[in-house]
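So the structure is just underneath, and the comments pick up after that.
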There are 2 protein chains.
Amino acid sequence: MTEITNNSSNLSPAVERFILHWGDLGGQWGVNRSVAQIHALLYLSEHPQTAEDIAETLGLARSNVSNSIKELMGWKLIHRVPVMGDRRDHFAAETDIWEMVTRIAQGRKEREIDPAAEALRACMAEAETDTQISPVALKRLQEMLEFVETINRWYTQMLNVPKPALVTLIKMGSKVTTLLSPITRRGGKKDRETANQDA
Amino acid sequence: MTEITNNSSNLSPAVERFILHWGDLGGQWGVNRSVAQIHALLYLSEHPQTAEDIAETLGLARSNVSNSIKELMGWKLIHRVPVMGDRRDHFAAETDIWEMVTRIAQGRKEREIDPAAEALRACMAEAETDTQISPVALKRLQEMLEFVETINRWYTQMLNVPKPALVTLIKMGSKVTTLLSPITRRGGKKDRETANQDA
DNA sequence: CCGTTGTTTCTGTCTCTACAGAAATAACGG
DNA sequence: CCGTTATTTCTGTAGAGACAGAAACAACGG
């Protein structure tokens, strides 16, 4: 009878609100709502939850939860937690935000950036044997490829910076440029060679 | 009769390929395919194009092109180019990639990050008056909020770094941490106050 | 002031994805 | 080896967004 009560689960208002927000915030990024909501729930949960707990709490189909969990595990944002005397799987989220973000960034790189770069390289390869392409287009493609490669290198390197250093770096914000200005000022193009020596 | 000929327009193979790739690459990000394709076309075009040129070249409906153009203008990725003796609007794309990316980043911040941060602040406000929220959840929310604020500050500052400096910075990659290590090493938490003095 | 040309808004259709529920599979205990 | 419980895969459906085409609107020239 009372089938309409979707979210009657005992969540405190603020938590529920966060889950809702996080849910459709995920929608704007590439993640679907269920996945984001489940992640939000686990992130705020004191204890590991079973798939069924989650399904009930969020009013989602059990199968949906199963698939979403699989995806979250793929991103390494949640992990299994074995519980004594319970056959069911329990799940908990990564709670260190910086770690979490790193994992997401890593995943996006592998699934989106790398393939995109690859496609672009293929384009360039074709462009070079393309007799009818305009010089302008060719130049633009080259610039684009160079840019993507540059960003790719940067991304990779940043992902490998130890977390504390990364945090410091981010918190410094634009101040880095101030500290680096003696270097920056040594001249534009030339610096590039120097900077890449270690790559 | 020959209605099936979608992409019969005289595009060189490499260009066409790029437009196609760029198109569904846009799909993975928030942009729809038409918009991304039009952008790609204009990016590679030697001369400004009219809306109709675009519609014909890409095989899109005129109305679709119109809307897409509007969106691209909203992102400031393309701009009108008046042409003598032609009443129609001609459009050209921003060709400086760094400028282009900055514009996109700016747009995404305004449309996605800022609202998200706002929503999160609202959550926190509610959480603080929430009697039944668990201490753990409250703590996690706080951490999340702090993180988002930090990233937001960083993002804002980075968008205001002059382009040459930004390019240098990116090209340095993780090398910044090496140069900064004497500072980084001065200790963790304390640095944050110092680093933010200028914000 | 009317016709022509260009642009925008509106509306219906179609595709694609998220999702629920059912069916199938696997793991474990007795 | 069978029954029970947990999980995954499969299938149909509902909703959202992308898009085409039509209709409305605006601007300009003669």
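All of these numbers come straight from a predicted model, not from anything done at the bench. These numbers come from the heavy atoms of this one structure, side chains and all, not from hydrogens, waters or symmetry mates. Letters A, B, ... are given to chains in the order of the sequence lines, protein chains preceding strands, and every chain is numbered from 1.
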Would you say C:dA18 has OP1 or OP2 under 4.0 Å from some side-chain N or O of A:R33? no
Between B:E143 and B:R140, is a salt bridge (charged side-chain N to carboxylate O under 4.0 Å, His left out) present by the stated rule, with each step listed? CA-CA 5 Å; B:E143 285 171 1; B:R140 301 263 166 84; 5.1 Å; no
Hits for salt bridge (Lys or Arg N to Asp or Glu O under 4.0 Å) against A:R17, two or more places apart or cross-chain, chain-then-number order -> B:E126
Expressed in angstrom and rounded to an integer, what is the separation of A:L58 atom CG from C:dA20 atom P? 10 Å
Over 60° means perpendicular and under 30° means parallel, so classify the ring planes of A:H39 and A:W22, tilted if in between. tilted
Can you measure B:Q49 atom CD to C:dG6 atom C1' for me and round it to whole angstrom units? 17 Å
Non-hydrogen side-chain atoms of A:K163 and A:E99 separated by less than 4.5 Å: yes
Length of the CG-P vector between A:N32 and D:dG17, whole Å: 14 Å
Kindly indicate, with the supporting measurements, whether the criterion side chain to side chain contact (heavy atoms under 4.5 Å, CB included) is fulfilled by A:V176 and B:V161. CA-CA 10 Å; A:V176 283; B:V161 170; over 6 Å; no
Letter per nucleotide, 5' to 3', of nucleotides 4-10 of chain D [B base touched, S only sugar-phosphate touched, - untouched; heavy atoms, 4.0 Å]: -BSSBB-
Any A:W75 side-chain heavy atom under 4.5 Å of A:V31 side chain: no
Heavy-atom donor-acceptor pair, A:R103 side chain to A:L77 backbone, under 3.5 Å: no
Atom-to-atom span, CG of B:L60 to P of D:dG21 - whole angstrom: 11 Å
Please work out whether the ring planes of A:F18 and A:Y43 are parallel, tilted or perpendicular, with thresholds of 30° and 60°. tilted
Please round to 10 degrees the angle between the axis of the first five pairs and the axis of the last five pairs in the helix from C:dC1-D:dG30 to C:dG30-D:dC1. 10°
